[in-house]
There are 2 protein chains.
Amino acid sequence: MLKYQQIAIDIEKYIEEHNLQQRDKLPVLENLMARFNVSKSTITKSLDLLEKKGVVYQVRGSGIFVRRHNREGYISLLSNQGFKKDLEEFNVTSEVVELKVCQPTEEAAYNLNIDQHQEVYYVKRIRYINGQTLCLEESYYNKSSVTYLNREIASESIFHYIQEGLGLKVGFSDIYLHVDKLNEEEAAYLGLKEGDPKLFMESIFHLTNGQPFDFSKVTYNYKHSQFFLQANSHIL
Amino acid sequence: MLKYQQIAIDIEKYIEEHNLQQRDKLPVLENLMARFNVSKSTITKSLDLLEKKGVVYQVRGSGIFVRRHNREGYISLLSNQGFKKDLEEFNVTSEVVELKVCQPTEEAAYNLNIDQHQEVYYVKRIRYINGQTLCLEESYYNKSSVTYLNREIASESIFHYIQEGLGLKVGFSDIYLHVDKLNEEEAAYLGLKEGDPKLFMESIFHLTNGQPFDFSKVTYNYKHSQFFLQANSHIL
DNA sequence: AAGTGGTCTAGACCACAAC
DNA sequence: TTGTGGTCTAGACCACTTG
């Protein structure tokens, strides 16, 4: 574990254990440098990480402050899959509708940046949150990265398996979303009515080396899904 | 302008001008250090910025590569307001339905972290994208930060005015979203039918010093709005 | 004026990838 | 083995906030 990562974890733990609230002030940089016995840059890197994560905000000339969002039951859009493990605070289970090795659709091949004759795992699942339908998910996993998969794994967390079981490193993702009306099939799977609203999300997940390994199409049950997102303007 | 910001802008410009595509390789660090005549840390900071922004990805032992998303017509969720100026590529105009100084609702006061007797600007707008209804927006601006506002400003970009006209610095935001059905009033404003789907988004914008200055409730027209988001797993 | 965070440097050393 | 990005340091100097 790198120093700056460990320090970030320690600081976050400190915030939770002391139940610090939005706008509470953390010790000053010099203090943190001494406490963790590292250079200024290292502390700064830890704090930048926590800032990116939405845990603190830093104000020049003033201090370092705690940032919290104050709503329960919202799923982090960024922690949705692979990243963070926020879903742990919810009870998410999956029912595997279909699992097979096949050739990808043209759309899936394009998004995975492979030829259509290269094989993929196709997985169709219904996911439940606290016992209610959360979403209907269709995923294509590039078989040259995700070399093995079965129903048992797919009924648990596929991303956990990919990282821990296969040792792959998830890097970044592109997420596209829009709202529409459910068709008959989707409505049936989610226990809703045709024409009801849906949030439709397509995601392309890449390994740290830039290779796409998962293209997923997810239809969310509008009654049991709400999301949050924390943004920074440090992005120029 | 700081060095690392300027370098980030230059690199991004370089990518655009040379029309580099996903997976194209950029010059190596040492090369960039020499070209911009700065230290390694400064280049690294520029690249981290671009990585956060979704413009490049870096692979240890291999190189720095271009990252692009390949879909047109999607609005960046993070650049939505205040951040980036991505909406410039769309033609967004606004019709001001109502603008007044008043006391905030309990909900607005809570989200702005003020007392209910402190005054706010309340603005209700319909926003159009390429001539079609994009969303219905209700916003509360803390009057002690946003000291002045009028219909003319509100018919243009309020965030542009806040930053350039008032000199305020936008720091970070909390965004909450879910999907639901339009009520009669919303449907009328958006030119849709009651019961049609909507994306409903609440945002709380903070200044760099952590003070919330804008609480907004936005209802999107599902036919004319689609969003994208780029995520990194560097977040622990 | 004093306190506090941000930028930038030069250089040592480490970790992963590709040949 | 070499190339390439990542971490970490010590210290100088800068920019913003607060009293």
Side-chain angles (χ1 to χ4, degrees), chain A residues 1-9 11 23-52 56-67 145 167-172 206-211 232-236, chain B residues 1-9 11 23-52 55-67 145 167-172 207-211 232-236:
Chain A
M1 177 71 68
L2 298 166
K3 279 191 186 180
Y4 79 90
Q5 292 179 327
Q6 187 57 55
I7 292 170
I9 291 171
I11 293 177
R23 293 174 193 82
D24 282 353
K25 195 170 185 296
L26 291 178
V28 301
L29 272 184
E30 208 164 345
N31 188 322
L32 294 171
M33 287 169 62
R35 188 175 305 199
F36 291 102
N37 193 31
V38 292
S39 72
K40 190 174 177 179
S41 326
T42 303
I43 281 290
T44 297
K45 190 144 193 192
S46 301
L47 291 168
D48 287 350
L49 195 60
L50 291 175
E51 189 163 44
K52 201 161 84 176
V56 305
Y57 60 95
Q58 300 178 76
V59 184
R60 180 176 346 215
S62 181
I64 304 153
F65 304 89
V66 172
R67 178 177 174 197
S145 295
L168 299 178
K169 284 176 197 156
V170 178
F172 54 92
H206 306 254
L207 300 176
T208 46
N209 68 7
Q211 169 123 54
N232 288 297
S233 68
H234 288 219
I235 313 179
L236 296 191
Chain B
M1 177 71 69
L2 297 167
K3 280 191 185 179
Y4 78 91
Q5 291 181 327
Q6 187 59 54
I7 292 170
I9 291 171
I11 294 177
R23 295 175 193 80
D24 282 352
K25 195 170 186 294
L26 291 178
V28 300
L29 272 184
E30 207 165 345
N31 188 320
L32 294 171
M33 286 169 63
R35 190 176 304 198
F36 291 103
N37 192 32
V38 292
S39 72
K40 189 174 177 180
S41 329
T42 303
I43 281 290
T44 296
K45 189 145 193 189
S46 301
L47 291 168
D48 287 350
L49 195 60
L50 290 175
E51 189 163 44
K52 201 161 83 173
V55 175
V56 305
Y57 61 94
Q58 302 178 75
V59 184
R60 191 199 305 238
S62 180
I64 304 153
F65 303 90
V66 173
R67 178 176 174 197
S145 295
L168 298 178
K169 284 176 196 155
V170 178
F172 55 92
L207 301 175
T208 47
N209 68 9
Q211 168 121 54
N232 288 297
S233 68
H234 288 217
I235 312 180
L236 294 192

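Proteins get letters first, then strands, A, B, ... in listed order; numbering begins at 1 in each. Atoms considered below: every heavy atom in the structure, side chains included; atoms not considered: hydrogens, waters and symmetry mates. This one's a predicted model, so the numbers in the text were calculated from it and none came from an experiment.
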Restricting to side chain to side chain donor-acceptor pair (under 3.5 Å), what partner residues turn up for [X], sequence neighbours left out?
X	result
B:Glu30	none
A:Asp24	none
A:Gln58	A:Asp48, A:Glu51

Using whole Å, report how far [atom1] of [X] lies from [atom2] of [N].
X	N	atom1	atom2	result
A:Tyr57	C:dG5	OH	C1'	14 Å
A:Glu30	D:dA10	CD	C1'	14 Å
B:Glu51	D:dG5	CD	P	12 Å
B:Asn37	C:dC8	CG	P	13 Å
B:Leu29	C:dA10	CG	C1'	15 Å
A:Met33	D:dC8	CE	C1'	12 Å
B:Lys25	C:dA18	NZ	P	10 Å
B:Lys45	C:dT7	NZ	P	4 Å

Considering only [options], which nucleotide approaches the side chain of [X] most closely?
X	options	answer
B:Tyr4	C:dT7, C:dT9, D:dA10	C:dT7
A:Ser39	C:dT9, D:dT9, C:dT7	D:dT9
B:Leu2	D:dT9, D:dT7, C:dC8	C:dC8
B:Ile64	C:dT4, C:dT9, D:dG5	D:dG5

Heavy-atom nearest nucleotide on DNA chain D for B:Leu26 versus A:Thr42: which residue maps closer to 5'?
B:Leu26

Can you tell me if B:Gln58 touches the phosphate of D:dT4, counting only side-chain N or O atoms and a distance under 4.0 Å to OP1 or OP2?
no

Which heavy atom of B:Leu50 sits nearest to which heavy atom of B:Ala8, and what is that distance?
CD2-O, 3.7 Å

With sequence neighbours left out, the residues meeting side-chain contact (heavy atoms from CB on, under 4.5 Å) with A:Lys3 are A:Val38, A:Thr42

Should A:Asn209 and B:Ser62 count as side-chain neighbours, where that means a heavy-atom distance under 4.5 Å?
no

Residues that A:Tyr4 engages under ring pair (Phe, Tyr, Trp, His ring centres under 6.0 Å), provided they are two or more places apart:
none

Protein heavy-atom contacts under 4.0 Å, written 5' to 3' over nucleotides 11-19 of chain D as B (base), S (sugar-phosphate only) or - (none), form the string ----BBBS-

